[in-house]
**Q** 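I am attaching a structure below and will ask some questions about it afterwards.
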Amino acid sequence: MAFIQRAVKVPPNSASLEEARHRVFDFFRQACRSIPSVMEIYNLDDVVTPAQLRSSISQQIRKNKGVSDPKVIDMLLFNGMEELNNITEHAKQRHHIIGQYVVGHKGLVQDLDSKDQGSSEFLKKFYTSNY
């Protein structure tokens, strides 16, 4: 099965911080417009709402709000466009999307208090280090 990959176009560098800022807003709009197709491709209706995905996208963008160099912003935008292209071209699997954008980087919310912590010191250290 041949996979034809569309090349991500590299835009010219932003001339100013204001131009880079406008490109970030354009990317956010483009990502939000692709949410319905992503929901359909990965069958995410039972896991997440479009509003939650939109919030996750904005959180990913706001993570780099302190960056003020237009070249760095352009690089981050290129990485974001590449990621969006991979997602919309179905180059990722469903559990990748759920793990990255639905559950997030914090991991699953687990109830540590209900777990039997064991009586040995080794198990107590193990549970605290891995959970």
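FYI, side chains are in, hydrogens and waters are out, and symmetry mates aren't considered; it's all heavy atoms of this structure. Keep in mind it's a predicted model, so treat the numbers as computed, not measured.
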**Q** About how many Å separate CD of Gln30 and CG of Leu77, when rounded to the nearest 0.5 Å?
**A**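 Reported value, rounded in 0.5 Å steps: 10.0 Å.
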**Q** Please name the pair of heavy atoms, one in Cys32 and one in Pro36, separated by the smallest distance, quoted to 0.1 Å.
**A**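 Between these two residues, the closest heavy atoms are O-CD, 3.9 Å.
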**Q** Short question: side chain of Gln52, backbone of Val48 - any donor-acceptor pair under 3.5 Å?
**A**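 No, the answer is negative, given that no donor and acceptor are paired below the 3.5 Å cut-off.
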**Q** Kindly indicate, with the supporting measurements, whether the criterion salt bridge (charged side-chain N to carboxylate O under 4.0 Å, His left out) is fulfilled by Asp26 and Arg29.
**A** CA-CA 5 Å; Asp26 290 341; Arg29 283 187 207 101; 2.8 Å; yes
**Q** Using side-chain heavy atoms (C-beta onward) and a distance below 4.5 Å, is Val72 in contact with Asn64?
**A**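 Side chain of Val72 against side chain of Asn64, heavy atoms only: no contact under 4.5 Å found.
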**Q** Could you state the interatomic distance from NZ (Lys63) to CG (Leu76), rounded to the nearest 0.5 Å?
**A**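 Atom-to-atom, Lys63:NZ and Leu76:CG are 9.5 Å apart.
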**Q** Has His22 got a side-chain atom pairing as donor or acceptor with Glu19's backbone, closer than 3.5 angstrom?
**A**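 No: the side chain of His22 does not pair with the backbone of Glu19.
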**Q** Could you tell me which non-hydrogen atom of Ser68 sits nearest to which non-hydrogen atom of Leu17, and how far apart they are?
**A**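 Result for this residue pair: O-CD1, 3.3 Å.
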**Q** Listed by chain and number, what are the ring pair (Phe, Tyr, Trp, His ring centres under 6.0 Å) partners of Phe27, not counting sequence neighbours?
**A**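 Once residues adjacent in sequence are excluded, Phe27 has no partner under the ring pair (Phe, Tyr, Trp, His ring centres under 6.0 Å) criterion.
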**Q** So among Glu89, Met81, Glu82, Glu83, which one has a side chain to side chain contact (heavy atoms under 4.5 Å, CB included) with Asn85?
**A**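 Exactly one option meets the side chain to side chain contact (heavy atoms under 4.5 Å, CB included) with Asn85, and it is Glu89.
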**Q** I need the His95 NE2 to Gln100 CD distance, nearest 0.5 Å.
**A**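 Reported value, rounded in 0.5 Å steps: 10.5 Å.
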**Q** With a cut-off of 6.0 Å (strictly less than), are more than 12 heavy atoms of other residues, nucleotides or ligands near CZ of Arg94?
**A**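 Atom CZ in Arg94 is crowded, with more than 12 foreign heavy atoms closer than 6.0 Å.
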**Q** Out of curiosity, Arg62 CZ to Phe28 CZ, how far, rounded to the nearest 0.5 Å?
**A**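 CZ of Phe28 is found 7.0 Å from CZ of Arg62.
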**Q** Check residues 37-45 and write down every donor-acceptor pair under 3.5 Å in which the side-chain atom is one partner and the other belongs to a residue at least two apart or another chain.
**A**
| unit_1 | atom_1 | unit_2 | atom_2 | d |
| --- | --- | --- | --- | --- |
| Ser37 | OG | Ser34 | O | 2.8 |
| Tyr42 | OH | Ile87 | O | 2.8 |
| Tyr42 | OH | Lys92 | O | 3.3 |

**Q** Is there a side-chain contact between Arg23 and Ile73 in this structure, where contact means two heavy atoms from C-beta onward sitting under 4.5 Å apart?
**A**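 When only atoms from C-beta onward are counted, Ile73 and Arg23 do not touch, as no gap falls below 4.5 Å.
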**Q** Donor-acceptor pair, distance only, cut-off 3.5 Å: does the side chain of Ser14 make one with the backbone of Pro70?
**A**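 Absent.
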**Q** Look only at the side chain of Asp74 and the backbone of Asn13, and say whether a donor-acceptor pair between them is shorter than 3.5 Å.
**A**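 A pair under 3.5 Å: no.
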